[in-house]
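When reading the values below, keep in mind they use all heavy atoms of this one structure, side chains included, and skip hydrogens, waters and symmetry mates.
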Amino acid sequence: MAEGSTEVVLTRISASFDRFQEAHWWVHALELHYHDADLFRWHLNAFLKAIKEAPLLLQQELQNHPGFPTWYRPQREKLQSDPLLKYLSKQRDYVVHRGMLKPGSRGTIGITEGRGIKLGFSMPINPLEDSELAMMRYLHAAAEKKGGDFLGILIPDEDSLPCVQREWRLTPIEGEIIGLAAKAWLTVGEVVTATVRWLGAEVPDLSLACRHSNQQVQFKLFDRKKLKKQLQEIRKVKRAPTRTSVKPHV
């Protein structure tokens, strides 16, 4: 059916397309704050909200358009039956109506040469704690005794850098969260694209070619000299004598 130019069509669905673009922006925000626990979780909440609302707004904006409800029904059913979108929708409802979403969080402390972990130690990382705190915990453990830097993170090496590789997940869904968010966005984008085409306009570019790679996002790098200085300061504090109060003789 002929409806008009792409500009006219996008104006017709301005609210839903705006919410869809907002969801895209939240994907970038997740990348930006990947190692900042609170900000990552809060931006995830915002993404869950936006990705669920975009199709609902689309249906609302075009509900009185001739032929749209009948055409849109299988599109809506496709989204509602998609396992990932269905799961994300439940997480959004949980955040809105019941409580705080705590994604699964694991990490590896070690060294990297820019192509993954060269040597490291994997462990759970509290979803309420920043990645930097995981490295600080390692330094505190290393300060306890001589040779405590069992990973050799602080050994001078021009070819490697200390790092924390972190990964966020939504159990039981397989996959890392940013990858899941991108997949969900593209799935909703297929319906947005189909709608624009059905309205007779050219399909806008709905890609995530601008995304960074997971390799870049998951790694937080540290300056080895600064870590050694922090270790020395921690040891000074641990070795400092503690003052005890002595009651005076009466």
Counting only N and O atoms by type, is there a donor-acceptor contact under 3.5 Å from the side chain of Asp130 to the main-chain atoms of Asp36?
-> no
Smallest separation among heavy atoms of Phe47 and Ala23, with atom names | CD1-O, 3.4 Å
Return the set of residues passing side chain to side chain donor-acceptor pair (under 3.5 Å) with Asp82 (not counting sequence neighbours), or none when no residue passes.
-> none
Which heavy-atom pair separates Glu174 from Leu180 by the least distance, and what is that distance?
-> O-CD2, 3.4 Å
Does a salt bridge link Arg235 with Glu233, judged by any charged N lying under 4.0 Å from a carboxylate O?
-> no
Cluster question for you: counting only ILVMFWY and a side-chain heavy-atom cut-off of under 4.5 Å, with indirect links fine, are Leu57 and Leu79 together?
-> no
Qualifying residues under side-chain contact (heavy atoms from CB on, under 4.5 Å), relative to Leu161, sequence neighbours excluded | Leu221
Can you list the steps and then say if Lys118 with Glu113 is a salt bridge (charged side-chain N to carboxylate O under 4.0 Å, His left out)?
-> CA-CA 7 Å; Lys118 179 181 178 181; Glu113 294 181 346; 3.0 Å; yes
side-chain contact (heavy atoms from CB on, under 4.5 Å) involving Ser14 - partner list, sequence neighbours excluded = Glu61
Flag the pair Met136 / Glu129 as yes when at least one side-chain heavy-atom distance between them is below 4.5 Å, and no otherwise.
-> no
Residues in salt bridge (Lys or Arg N to Asp or Glu O under 4.0 Å) with Lys86, at least two apart?
-> none
Roughly how far, to the nearest 0.5 Å, is the NZ atom of Lys90 from the CG atom of Leu170?
-> 13.5 Å
Pairs under 3.5 angstrom only: tabulate donor-acceptor contacts from the side chains of residues 66-78 to other protein residues two or more places apart or in another chain.
| from | atom 1 | to | atom 2 | distance (Å) |
| --- | --- | --- | --- | --- |
| Tyr72 | OH | Pro55 | O | 3.1 |
| Lys78 | NZ | Glu190 | OE1 | 2.8 |

Scan residues 149-165 for pairs that pass salt bridge (charged side-chain N to carboxylate O under 4.0 Å, His left out), counting only residues two or more places apart or in two chains.
-> none
Between Lys220 and Ser131, what is the shortest heavy-atom contact and its length?
-> CD-CB, 4.1 Å
Partners meeting ring-ring contact (aromatic ring centres under 6.0 Å, His included) with Phe222 (sequence neighbours left out) = none
Common cluster, Leu56/Val196, ILVMFWY with side-chain heavy-atom separation under 4.5 Å = no
Sequence neighbours excluded, the answer for side-chain contact (heavy atoms from CB on, under 4.5 Å) partners of Trp42 is Asp38, Leu39, Asn45
Separation between SG of Cys163 and CD1 of Ile111, rounded to the nearest 0.5 Å | 8.0 Å
Under 3.5 Å, is there a donor-acceptor pair between the side chain of His35 and the main chain of Gln218?
-> yes
Mind checking ring-ring contact (aromatic ring centres under 6.0 Å, His included) for Phe40 and listing every partner two or more places apart, or none if nothing turns up?
-> Tyr34, Trp168
Below 4.5 Å, heavy atoms only, C-beta onward: do Met135 and Ile109 meet side chain to side chain?
-> yes
Taking only residues at least two apart or on different chains, which pairs with a member in residues 91-105 satisfy side chain to side chain donor-acceptor pair (under 3.5 Å)?
-> Lys52-Asp93, Ser105-Arg166
Near-ring test Trp185/Phe20, centroid separation under 6.0 angstrom = yes
Does any N or O in the side chain of Glu176 come within less than 3.5 Å of the main-chain N or O of Ile178, such that one atom is a donor and the other an acceptor?
-> yes
Check: Arg169 and Pro103 side chains under 4.5 Å, non-hydrogen atoms = no
When rounded to the nearest 0.5 Å, the distance separating CG of Leu58 from OG of Ser16 is 4.5 Å
Just jot down the ring-ring contact (aromatic ring centres under 6.0 Å, His included) partners of His43, sequence neighbours excluded, or say none.
-> Trp26, His33
Distance in Å, Leu62 CG paired with Arg12 CZ, rounded so as to fall on 0.5 Å steps = 5.0 Å
ILVMFWY cluster, Leu227 and Leu151 together (side-chain gap under 4.5 Å) = yes
Counterpart residues, side chain to side chain donor-acceptor pair (under 3.5 Å), relative to Asn126 (two or more places apart) | none
Is it the case that more than 12 heavy atoms not belonging to Glu7 sit under 6.0 Å from its CD atom?
-> no
If you group Ile, Leu, Val, Met, Phe, Trp and Tyr by side-chain heavy-atom gaps below 4.5 Å, do Leu30 and Leu32 land in one group?
-> no
Smallest separation among heavy atoms of Gln63 and Gln60, with atom names | CG-O, 3.2 Å
Rounding to 0.5 Å, atoms CG (Leu88) and CD1 (Ile173) come to a distance of 7.5 Å
Should Phe17 and Leu186 be regarded as members of a common hydrophobic cluster, given that ILVMFWY residues are connected when their side-chain heavy atoms come within less than 4.5 Å of each other, either directly or indirectly?
-> yes
State whether Arg106 and Glu167 are salt-bridged, where the test is any N-O pair (Lys NZ or Arg NE/NH1/NH2 against Asp/Glu carboxylate O) under 4.0 Å.
-> no
Within the distance-only criterion (no hydrogens, no angle test), does the side chain of Ser89 pair as donor or acceptor with the backbone N or O of Leu85 below 3.5 angstrom?
-> no
Search all heavy atoms of Ala134 against all heavy atoms of Met123 and return the closest pair with its distance.
-> CB-CE, 4.0 Å
State whether the side chain of Thr6 and the backbone N or O of Glu202 hold a donor-acceptor pair below 3.5 Å, judged by distance alone.
-> yes
Any donor-acceptor pair under 3.5 Å linking the side chain of Tyr138 with the backbone of Gly110?
-> no
Do you know which two heavy atoms are closest between Ile51 and Ala184, and how far apart they sit?
-> CD1-O, 4.2 Å
Output the distance between atom NZ (Lys229) and atom CD1 (Ile234), rounded to the nearest 0.5 Å.
-> 13.0 Å
Report the C-alpha separation of Lys183 and Leu84 in whole Å, then their side-chain angles, then the decisive distance to 0.1 Å, and conclude whether the side-chain contact (heavy atoms from CB on, under 4.5 Å) test is met.
-> CA-CA 9 Å; Lys183 183 179 179 181; Leu84 175 57; 3.9 Å; yes
Does Ile117 reach the side chain of Phe219, with side-chain heavy atoms less than 4.5 Å apart?
-> yes
